[in-house]
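Only one structure is covered here, and it is reproduced in the block below.
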Amino acid sequence: MRKKFTYQPELHREQGLLTFFRRPGSLSIVIGAVMIGLFVVGALYGQFAYQLNLYPHSPTDVQYDRFDSPPASSFLRSLLDRREPFEYEFEYDYFEPVEGHPLGTDNDGRDIFIRVLNGASTYLYAGVLTVLISLIIGILLGSVSGYYRGRVSELIASYITNVLDAYPRIVILIIVAFISHFNLYTIMITLGILNATRIARIIAGTIESLKNTDFILAAKEIGLSDITIIGKHIVWYNCRHLLSIQIIYGFASVILIEATLSYIGYGIGEPLVSWGRMIYDGSGGRYPFNFVEGIYWQAMPPVIAIIVTILGLNLLGDGLSKRFNVKQTEYLL
Amino acid sequence: MKTARTILKEILIALLILIGTTFTIYLLLGQLIYEHDDEGVRTTPSFISIAVDYGDWVSNAVVKGDLGHSAAINRDVSEIIGYGFRQTFILVIGSLFVSVLIAIPLGVIAALRSNAWFVRFIIPGTYLFSALPVFLLAIFIRPFWVQHFGILDWYAEIPLSRMIGYYGIPIIILGIADGVVGEMVKHVREIIGGLIRENYIRAAIARSAGVSKHIVKNAMLPIFTIITSRFSYALGGALIVEYIFFSQGISIVALDALKYRDPYVLLAIGMIFSLLIVAANIINRVLTVAVDPRTRS
């Protein structure tokens with residue numbers, strides 16, 4: 001019979017690798033952290049490789065032809081080759097993995113390898129931005145509605161939280177994307193505001209349960225300001241385990257929602273790379289996935305990138321929630 | 001009497017929330033409409049004129065049931081919306097049903113048999129599926145769906161098996177993807193796992209009395225709360241599934257309306273969606289108040 005895992009506080013005193021793996025959720029944390037490490041390294045490479053001469057193509061470079069363009073051998077031939085102006089856009093070519101393009105190029109003749117990694121950097125940037133906004137707004141709303149209970153400010157804060165929860169998210173985001181001409185900042189700020197409600201609820205709940213405990217009353221008694229009490233004693237010491245998980249899930253939601261929005265054509269705008277847009281282009285739009293026609297290499301890299309990143313974030317969040325949650329230690333992995 | 005008053009209060013709050021959401025959508029959509037001033041310059045309408053318009057729209061909608069007129073298609077909005085909405089509703093309800101059907105047994109098994117070897121694979125297994133966004137799963141399954149269940153001729157007699165697959169596969173995708181099942185399994189496991197360690201359950205086990213009745217009674221409300229909280233996500237996912245699988249539906253209507261700068265259609269869609277989300281919350285709250293006497297304060 002399998003031995004039941006129990007949480008043993010005395011194990012904390014030993015430091016070492018074995019101790020780390022014996023504590024709950026460690027396997028998820030390690031696997032998730034490796035995946036997210038890949039994501040971050042890839043994002044940095046995708047952003048800086050071209051500038052640092054590590055990789056010959058930039059994400060917006062257009063490769064015009066598979067082979068070197070043939071020299072115009074004669075005047076007659078150049079006359080025969082002359083095409084109508086509108087045909088020139090078909091001169092560049094998409095092609096499968098070859099030397100110099102490890103993952104091939106897309107419909108517009110751009111290198112897929114560097115585009116996937118550059119997309120990771122877009123999501124890293126957008127995710128950090130969104131998470132910061134949702135943290136700021138969530139902490140403000142939650143602390144106002146929890147700490148100043150029974151006043152007008154509390155009513156307003158909880159009203160805003162409830163209204164933000166009742167939005168059909170995708171409709172709002174599509175409208176905002178359209179109005180802002182697919183501006184990264186506007187979309188991400190909106191998403192951050194919509195994501196803030198979970199954080200606000202967590203903080204309001206924690207404040208509600210801790211409000212009349214001795215240490216908060218004592219902190220009030222010795223004259224600490226409200227900002228210190230909320231910021232240090234409630235948010236930092238008593239909410240950080242819950243907030244860290246919310247940060248990870250918020251980050252995952254940025255990738256999921258942005259990819260979905262770009263798939264239906266309402267994501268961030270062009271010079272920035274979006275995995276959802278790449279999948280849309282590579283899978284033949286709304287029509288069946290184009291494995292059959294043989295351009296499998298276009299859509300698969302971003303698909304794999306999304307799966308790896310989202311799985312990694314989920315595993316990391318789950319492992320952290322197990323590591324922090326002392327009450328519920330029975331479940332391994 | 002106390003229960004009735006609490007329920008009335010909930011409904012009042014819900015109405016206020018509904019006003020908040022629709023007014024924000026109205027403000028956003030105001031940016032879509034251009035007005036021409038005396039010199040013919042295009043400007044966006046001012047806040048006050050938008051607020052006045054909003055008042056008109058609300059009073060029309062409440063008194064006459066008139067949601068406005070679509071200039072682009074030259075039809076009433078309620079007509080356009082009603083056409084596509086039934087499908088969305090089937091998708092959402094069906095997908096919630098599917099995810100409950102998968103998640104609750106898995107969660108209960110994971111909580112009750114927490115030491116069994118297969119339980120260790122339940123949670124990572126659900127992640128594998130539910131880590132995928134809806135559209136990814138959908139585009140991988142769509143060719144198969146088109147080949148086996150796609151309906152080419154609506155006037156021909158369609159066999160029932162084909163019809164079930166035609167709606168069933170999108171419903172299953174919507175029920176599984178987007179982290180729904182993974183999150184539900186986790187919550188159900190926490191709820192049941194917390195319950196079976198309560199003293200009264202342990203006492204009942206010690207007395208060899210029936211436990212399942214108590215577990216069902218106490219776990220029902222939190223699980224229902226989780227289902228209603230998934231409702232808004234399911235609505236969002238239904239739009240994507242409709243966009244990928246079906247040629248008609250509320251999402252295609254919404255995207256077309258955005259393209260043709262047709263604000264009233266979008267406004268009506270947004271309003272119906274937030275109405276549904278709020279209604280789900282009200283049902284949840286009312287049920288909680290009616291069942292659980294501790295919440296009547």
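Just so we're on the same page: letters track the sequence lines, and every chain starts at 1.
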What part of [X] is in contact with chain A, defined as an atom under 4.5 angstrom from a non-hydrogen atom: side chain, backbone, both or neither?
{"X": "B/L275", "result": "neither"}
{"X": "B/E183", "result": "side chain"}
{"X": "B/S229", "result": "neither"}
{"X": "B/Y233", "result": "side chain"}
{"X": "B/L28", "result": "both"}

Drop me the distance from [X]'s [atom1] to [Y]'s [atom2], to the nearest 0.5 angstrom.
{"X": "A/I179", "Y": "B/R261", "atom1": "CD1", "atom2": "CZ", "answer": "8.5 Å"}
{"X": "A/I175", "Y": "B/I25", "atom1": "CD1", "atom2": "CD1", "answer": "6.0 Å"}
{"X": "A/F178", "Y": "B/L29", "atom1": "CZ", "atom2": "CG", "answer": "11.0 Å"}

Are the side chains of [X] and [Y] in touch, meaning some heavy atoms are under 4.5 Å apart?
{"X": "B/V134", "Y": "A/T260", "result": "no"}
{"X": "A/I172", "Y": "B/T24", "result": "no"}
{"X": "A/Y263", "Y": "B/L136", "result": "no"}
{"X": "B/F273", "Y": "A/R169", "result": "no"}

Residue part contacting chain B, namely of A/I174, when any heavy atom lies under 4.5 Å: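 A/I174 touches chain B through backbone and side-chain heavy atoms alike.
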
As an exercise: rank [options] by heavy-atom pairs under 4.5 Å with chain A and give me the winner.
{"options": "B/L266, B/N281, B/L255, B/I269", "value": "B/L255"}
{"options": "B/I277, B/V278, B/T21, B/I13", "value": "B/T21"}
{"options": "B/P133, B/G236, B/A14", "value": "B/P133"}

B/F23, CZ atom: more than 12 neighbouring heavy atoms under 6.0 Å: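 Correct, the count exceeds 12.
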
Minimum-distance pair of heavy atoms, taken over all atoms of [X] and [Y]:
{"X": "A/A166", "Y": "B/I17", "value": "CB-CG2, 3.7 Å"}
{"X": "B/S274", "Y": "A/P168", "value": "CB-CD, 4.1 Å"}
{"X": "B/L258", "Y": "A/Y266", "value": "CD2-CE2, 3.5 Å"}

Donor-acceptor under 3.5 Å (A/Y159 side chain, B/L16 main chain):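 Side chain of A/Y159 to backbone of B/L16, a donor-acceptor pair under 3.5 Å: yes, one is there.
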
Looking only at heavy atoms and a cut-off of under 4.5 Å, which of [options] has the most pairs with chain B?
{"options": "A/I257, A/I264, A/T309, A/L313", "value": "A/I264"}
{"options": "A/I160, A/L256, A/V163, A/I310", "value": "A/V163"}
{"options": "A/V171, A/L164, A/N314", "value": "A/N314"}

